[in-house]
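Worksheet: one structure, shown below.
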Amino acid sequence: MSEYLFAQEEQRWQAYWEEKGIYRTPDDPNLPTYYVLDMFPYPSGAGLHVGHPLGYIASDIMARYHRMRGYAVLHPMGFDAFGLPAEQYAIQTGQHPAHTTADNIKKYTEQLRKIGFSYDWSRSVTTSDPSYYRWTQWIFLELFNSWYDRDAHNGVGRARPIHELIRHFEMRGTYELHAACADDTPVFTADEWKLYTEAERSEQLMHYRLAYLAEAQVNWCPALGTVLANDEVKDGVSERGGHPVEVRMMQQWMLRITAYSARLLDGLNDLNWSDAIKEQQRHWIGRSTGARIRFKPETLETHHQTHTLETHITLSSTEEEPIEVFTTRPDTLFGVSFLVLAPEHPRVMALTHPTRRREVERYVLQTQLRSERERMAEVKTVSGVPTGRHAVNPLNSARIPIWIADYVLAGYGVGAVMGVPGSDERDWRFAQHFKLPIIPVVEGTNPEKGAESQRSARMINSDFLDGHTADEAIPLVIERLEQLGHGEGTTQYRLRDAIFSRQRYWGEPVPIAFGDHGPVAVDTSDLPLLLPEVDKYLPTEEGEPPLARAKDWSYHRMPLETTTMPGWAGSSWYFLRYTDPHNTKEFASRIHTDRWKQVDLYMGGAEHATGHLLYARFWTQFLYDRGHIGFNEPFRCLVNQGMIQGVSAYMQRVRLPGIKPDENHQTRVLKGFNKNGAPLRWECPSTYTNAWLSAGIQIEGAEPSGRVSVDVSLVEQNRLNCTEWKAQETGRDTQGWLMIGENGHLTAQSQSHNELHSDELIFYTSPEVEKMSKSKRNVVNPDWVVKKYGADTLRMYEMFLGPLEVSKPWDTQGIEGVFRFLQKLWRMCHPGGQFSLDQGEPTDQEWKSLHKLLLKIGSDIERFSFNTSVSAFMIAVNELQTMGCHKQAIIDPLVRALAPFAPHLSESLWQAMGKPESVHLSAFPEGDPERVREDNYDYPIQENGKMRFNLNLPRAASAEELQALVMANPRVHQLCGERKPKRVVVVPGRIVNLVF
RNA sequence: GCCCAGGUGGUGAAACCGGUAGACACGCAGGACUUAAAAUCCUGUGACCGAUGAGGUCGUGCGGGUUCAAGUCCCGCCCUGGGUACCA
């Protein structure tokens with residue numbers, strides 16, 4: 001056998017590994033543990049393309065490497081199986097999403113198995129499996145039955161059981177309670193609590209639960225009949241499908257992730273994640289520190305009232321209440337010349353002067369009508385309307401007008417700002433536009449030109465703050481405001497509570513029923529609450545979610561919640577389940593989660609930066625607070641693999657110039673240039689008005705009329721396989737087509753005498769690197785690669801392509817290099833076609849090649865530099881081949897080092913050596929620096945920093961000795977000539993530089 | 001606009017602490033073996049000058065700087081990709 005028959009060998013070893021169960025996670029509690037996890041894939045119907053396994057291959061190398069280094073390795077794979085595509089398919093075809101999902105999982109699993117990953121499949125989990133989502137529902141109920149105590153843990157805060165909150169209410173009401181809740185949460189005494197009805201108590205508790213029901217502004221997508229999360233909406237349309245989205249108020253289940261804002265932000269510092277992802281999360285959470293300041297509105301002269309007494313009283317009380325604003329620059333308080341409320345601010349109408357009511361109403365209505373998209377498009381246009389009322393600056397009693405404007409967002413801070421046009425760019429534009437006064441409060445402000453927000457500048461016109469910088473002034477103002485009771489220092493977060501309800505079928509049912517006194521949790525012993533059968537996967541006629549179609553959707557005669565959980569519910573805790581996947585008593589036992597702890601290496605795409613990665617951290621911290629696990633961050637080290645892009649092949653289509661009526665109608669002559677600019681002429685049938693042009697060809701008078709991609713499998717080095725293309729196109733396109741290539745033309749129905757045969761036409765497509773997708777026809781399927789080159793080649797080539805974190809295009813041609821390397825190694829062990837290794841003692845040179853490799857691989861793996869590892873293997877094998885080495889003493893460790901990268905071929909060679917056990921159970925070989933040490937080093941000799949030649953000098957020589965040796969060398973004399981070096985820089989072990 | 005990556009041959013890339021730029025591979029060109037092809041092996045391959053030699057000049061997005069020495073450090077800009085946006 002002179003050739004490595006990969007197909008046969010790979011199948012054989014995959015069966016062998018499975019039979020021996022060598023990737024099963026070891027139970028031995030004495031072994032050090034290593035948990036490597038790939039991000040949960042959604043099993044889409046399209047299957048895998050070559051981009052998907054990139055991260056899986058890298059993590060598999062790490063898993064195998066650690067296994068060989070004596071770690072107990074947990075390396076599982078499972079499926080995030082609930083989701084919209086299966087549901088959409090169900091809506092279209094009536095096929096139950098569970099069936100589609102099962103088919104897709106089967107397909108994915110088969111594809112993954114062929115690549116030879118070392119997953120412990122016995123631990124696989126699927127989120128749509130009731131035995132799994134039972135625990136997703138259970139965690140939801142834990143959230144429902146928890147509140148967040150901000151005072152716990154020395155002010156860090158901690159989630160606590162809801163019954164402890166009830167006890168607090170019974171003893172002290174809301175007195176001395178610092179809980180995460182909305183700002184407008186009512187205050188009550190213990191006595192009031194005791195008098196509340198059950199329904200009222202339930203309503204009060206809802207303000208504190210970590211999973212709670214609230215009226216929320218949501219992104220309603222009519223086309224999908226569902227609500228989308230903010231990160232599922234891009235540019236005003238749904239991320240999936242691109243359907244329009246509108247803003248609506250709806251009753252939703254929410255998760256109080258904002259309780260964890262500070263911890264989620266601060267926790268980032270200790271994580272071994274890329275700065276890019278950490279920055280994205282920081283920005284998403286968006287902490288800003290500043291102050292809330294209350295401005296008292298001027299009393300309204302009430303001489304015009306026509307209200308009834310009752311409404312008059314309620315109105316005037318809100319009229320009198322101070323207006324609260326949030327600012328990060330309380331130091332600029334003396335520069336305030338107006339207040340602005342968001343149009344959605346609840347007190348807009350109450351604070352509007354009756355004479356202005358009409359105008360304000362119109363403005364509010366107008367902003368409501370404008371879509372998100374429009375508002376985004378007109379970011380720089382200034383609009384707003386005065387309320388006709390004024391407020392008073394709490395520090396200097398200045399009278400300032402109150403405005404309404406849409407540049408203030410209801411959803412951030414308190415929905416109201418103080419306008420400081422001297423120090424804020426937006427306030428400045430607003431003041432400029434409406435001719436409001438601009439009071440400079442920091443030195444160097446030019447009110448004519450713009451705002452000055454420098455924090456280091458000295459304050460002016462600011463009473464007791466004058467002469468201070470912003471950082472000095474801020475605590476002073478806050479102190480004064482707190483003394484006067486007009487405000488206090490505070491911290492705001494951009495992060496919003498997460499909407500948890502989905503108006504969809506294919507998700508986990510929310511285990512809540514609605515009783516007479518409010519929501520009731522399904523008893524945990526009744527979980528899982530199974531997803532019911534429905535006749536259609538669509539919303540009901542009344543716009544209720546699909547679950548409302550289910551027969552008898554109730555719990556102890558109480559109607560059940562009809563929304564389901566979002567995709568991220570199941571994926572927020574799955575890494576815990578893998579430690580104990582078959583547990584029927586708990587989501588995972590502490591014994592197992594304590595043993596494996598955090599994921600040591602989490603591999604996946606950067607697109608989950610603010611979604612999955614944030615929610616998973618939130619759930620982990622919550623489960624930690626409630627004592628269910630012993631750590632509060634899920635993923636210690638995160639590596640984001642880059643994308644593998646596709647190279648699409650495009651053909652240019654042109655409209656040919658018109659033919660004059662008197663011309664010969666059989667053929668026509670086209671003139672133009674080829675891609676090198678050489679003039680060309682073609683004689684073509686005149687019946688065609690359109691043509692495809694080979695890349696770079698120009699035709700006089702022709703107009704481009706679009707381009708079309710062709711399947712990449714028909715293209716090699718940009719040259720189109722015209723025969724194949726013709727075979728595919730002729731069936732579809734009855735109109736016929738004309739192709740103009742480098743050397744002639746081709747049509748669908750060979751009708752012209754001078755037409756080339758499809759094999760002869762040289763036709764180039766234009767390559768373009770873009771995302772790999774079906775629609776761009778640039779998808780390369782791993783099954784195809786495995787079939788043609790084998791799994792080991794695919795694995796090594798994906799690693800060889802470039803650094804793991806970087807995006808790079810797939811080039812099928814390049815794969816030959818890796819394929820040849822593996823074949824070369826195989827032949828090295830099969831001299832004359834038979835397996836045979838030399839039992840002799842290797843030479844120093846042979847040892848050196850081996851240990852150079854081992855040292856390199858060891859350090860490369862530690863820093864995920866797998867592309868250079870593959871090169872190192874190639875270099876070693878090239879060197880050994882040149883030396884004619886096929887000694888077992890060298891090949892044995894080399895094969896073990898190769899095992900994580902090319903598990904099949906190394907197993908073939910290993911077992912051919914007569915080893916009793918799998919190579920994957922052997923020890924990873926260590927490099928020995930002694931074996932690569934050399935006595936001499938080729939010193940580069942530089943002239944003024946420019947490399948001239950090398951001198952072979954003893955490595956042990958000191959700088960002085962080296963200088964003496966160099967200066968005595970005849971080649972150096974020749975280089976110097978008459979000149980004498982001004983200075984000789986000698987860096988032992990590196991370089992010698994002669995400076996003239 | 002702001003934040004984060006990145007920009008090196010025809011292509012993917014390497015250079016890990018400031019020390020020989022382009023390792024390894026693809027592609028291309030030439031050669032050996034073969035009736036031929038495939039496979040394999042050998043040689044060359046950044047650009048320019050020079051004779052195809054010896055040798056030299058230039059060269060890591062652009063312009064400056066620090067240094068004996070810069071792809072690497074500093075300052076200013078340009079471009080590409082990702083994120084984000086009246087966030088007070």
Side-chain angles (χ1 to χ4, degrees), chain A residues 2-3 274-284 286-288 290 325-329 332 340 342 375-376 378-382 405-409 411-420 423-427 429-430 453 492-495 606-607 609-610 640 642-643 645 647 717 767 797 800-803 805-821 823-824 827 856 859-860 862-863 865 867-875 878 881 938-950 981-987 989-996:
Chain A
S2 60
E3 198 191 336
S274 75
D275 289 339
I277 299 277
K278 288 207 253 187
E279 274 303 311
Q280 270 184 58
Q281 286 212 352
R282 283 194 188 107
H283 188 244
W284 195 261
R287 171 153 59 197
S288 30
V325 302
F326 173 69
T327 176
T328 54
R329 294 291 303 272
T332 61
V340 191
R375 264 172 96 162
M376 253 189 283
E378 312 163 13
V379 146
K380 295 282 179 253
T381 20
V382 178
D406 66 356
Y407 82 89
V408 177
L409 307 177
Y412 186 75
V414 293
V417 302
M418 57 185 210
V420 186
S423 296
D424 183 279
E425 201 47 52
R426 290 156 311 181
D427 295 345
R429 276 203 311 270
F430 193 77
S453 55
Q492 287 290 331
Y493 294 89
R494 198 179 84 105
L495 187 69
E607 67 273 19
T610 49
N640 300 113
M643 259 197 312
Q645 296 147 310
V647 182
Q717 285 214 280
Y797 183 55
F800 186 62
L801 231 36
E805 301 89 340
V806 172
S807 290
K808 56 249 160 184
W810 175 267
D811 168 26
T812 298
Q813 222 153 43
I815 204 169
E816 295 281 347
V818 170
F819 183 72
R820 285 174 200 156
F821 154 75
Q823 293 287 347
K824 195 186 279 186
R827 280 196 308 274
K856 176 84 177 138
S859 69
D860 280 356
E862 298 294 337
R863 59 197 175 92
S865 179
N867 54 329
T868 52
S869 303
V870 178
S871 302
F873 278 114
M874 289 173 169
I875 292 167
N878 287 348
Q881 184 179 252
D938 252 355
Y939 274 90
I941 308 299
Q942 294 184 334
E943 171 187 355
N944 295 327
K946 274 183 198 137
M947 156 70 182
R948 291 303 172 211
F949 52 85
N950 290 100
K982 270 194 285 203
R983 189 176 157 192
V984 181
V985 181
V986 180
V987 185
R990 287 213 187 266
I991 208 150
V992 176
N993 189 10
L994 305 172
V995 185
F996 291 98

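Residue numbers start from 1 in every chain, and the chains themselves are labelled A, B, ... in the order their sequence lines are given, proteins ahead of strands. Given the structure is predicted, the values throughout are model-derived calculations rather than measurements.
- Taking atom C1' in both rG22(B) and rG7(B), one finds a spacing of 16 Å when rounded to whole Å.
- When the C1' atom of rA85(B) is taken as reference, atom CG of Leu495(A) falls 16 Å away, rounded to whole Å.
- Side-chain atoms of Tyr939(A) come within 3.5 Å of backbone N or O of Gly989(A) as a donor-acceptor pair.
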Provide a list of protein-nucleic acid N or O atom pairs under 3.5 angstrom, restricted to nucleotides 67-70 of chain B.
from, atom 1, to, atom 2, distance (Å)
rC68(B), OP1, Arg983(A), NH1, 3.4
rC68(B), O2', Asn993(A), ND2, 3.1
rC68(B), O2, Asn993(A), ND2, 2.8

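- rA32(B) and rA39(B): their C1' atoms are spaced 14 Å apart (whole Å).
- Rounded to whole angstrom, the span from the CD atom of Gln281(A) across to the P atom of rU84(B) amounts to 12 Å.
- Residues passing the side-chain contact (heavy atoms from CB on, under 4.5 Å) test with Asn993(A) are Gln942(A), Val985(A), Val995(A), sequence neighbours excluded.
- Comparing Ile277(A) and Pro940(A) against RNA chain B, the residue whose closest nucleotide sits nearer the 5' end is Ile277(A).
- Atoms NZ (Lys946(A)) and C1' (rA21(B)) sit 15 Å apart, rounded to a whole Å.
- Atom CG of Leu409(A) and atom P of rA85(B) are 11 Å apart (whole Å).
- Taking atom CE of Met947(A) as the reference point, atom C1' of rA15(B) lies 15 Å away to the nearest angstrom.
- Evaluation of the side-chain hydrogen bond (donor to acceptor under 3.5 Å, both in side chains) rule for Glu425(A) yields no partner, not counting sequence neighbours.
- Comparing rA88(B), rU20(B), rA23(B) by their closest approach to the side chain of Ile991(A) singles out rU20(B).
- Not one side-chain nitrogen or oxygen of Arg990(A) sits closer than 4.0 Å to the OP1 or OP2 atom of rG18(B).
- Taking the side-chain hydrogen bond (donor to acceptor under 3.5 Å, both in side chains) definition, one finds that Asn878(A) meets it with Lys824(A), sequence neighbours left out.
- rA38(B) and rC33(B): their P atoms are spaced 16 Å apart (whole Å).
- Take Arg287(A) and apply the salt bridge (Lys or Arg N to Asp or Glu O under 4.0 Å) test, not counting sequence neighbours, and it matches Asp266(A).
- Only the P atoms considered, rG65(B) is 27 Å distant from rC17(B), to the nearest whole Å.
- In terms of position along RNA chain B, the nucleotide closest to Ala276(A) lies nearer the 5' end than the nucleotide closest to the other residue of the pair Ala276(A) and Gln280(A).
- Pairing for rG81(B) goes to rC4(B), judged as Watson-Crick or G-U wobble with the two contacts each under 3.5 Å.
- Between rC87(B) and Thr328(A), no contact under 4.0 Å exists linking OP1 or OP2 to a side-chain N or O.
- Counting only heavy atoms from C-beta on, Tyr407(A) has its side chain closest to rC86(B) among rA88(B), rG27(B), rC86(B).
- Checked against ring pair (Phe, Tyr, Trp, His ring centres under 6.0 Å), Phe873(A) has the following partners two or more places apart in sequence or in another chain: Phe901(A).
- Taking atom C1' on both nucleotides, rU45(B) is separated from rC26(B) by 13 Å, rounded to a whole Å.
- Nucleotides rG10(B) and rA47(B) have their C1' atoms positioned 13 Å apart, rounded to a whole Å.
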Do any N or O atoms of the protein come closer than 3.5 Å to N or O atoms of nucleotides 38-46 of chain B, and which pairs are they?
from, atom 1, to, atom 2, distance (Å)
rU40(B), O3', Arg827(A), NH2, 3.3

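- Remark: Ser423(A) engages no residue in a side-chain hydrogen bond (donor to acceptor under 3.5 Å, both in side chains) (not counting sequence neighbours).
- Residues passing the ring pair (Phe, Tyr, Trp, His ring centres under 6.0 Å) test with Phe430(A) are Phe338(A), Trp403(A), Tyr407(A), Phe434(A), sequence neighbours excluded.
- When heavy atoms are screened at a 4.0 angstrom cut-off, Asn878(A) is found touching the sugar-phosphate backbone but no base atom.
- Nucleotides rA21(B) and rG71(B) are separated by 9 Å at their P atoms, to the nearest Å.
- rU8(B) sits 4 Å from rU60(B) when the C1' atoms are compared, rounded to a whole Å.
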Pairs: protein N or O with nucleotides 7-14 of chain B N or O, under 3.5 Å:
from, atom 1, to, atom 2, distance (Å)
rG12(B), O2', Leu801(A), O, 2.4
rA14(B), OP1, Asn867(A), ND2, 2.8

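- Looking at Arg282(A), its side chain has no donor and acceptor atom pair within 3.5 Å of the base of rC3(B).
- A straight line from CG of Asn640(A) to C1' of rC4(B) spans 12 Å, rounded to a whole angstrom.
- The nearest whole Å value for the distance from the CZ atom in Phe949(A) to the P atom in rG55(B) is 11 Å.
- Using the Watson-Crick or G-U wobble rule with both distances under 3.5 Å, rA70(B) pairs with nothing in any strand shown.
- For Gln281(A), the side-chain hydrogen bond (donor to acceptor under 3.5 Å, both in side chains) partners at least two apart in sequence or on another chain are Arg617(A).
- Between Phe430(A) atom CZ and rA88(B) atom C1' the separation is 14 Å, expressed in whole Å.
- By the salt bridge (Lys or Arg N to Asp or Glu O under 4.0 Å) test, Arg948(A) is found to be paired with Glu943(A), residues two or more places apart in sequence or in another chain being considered.
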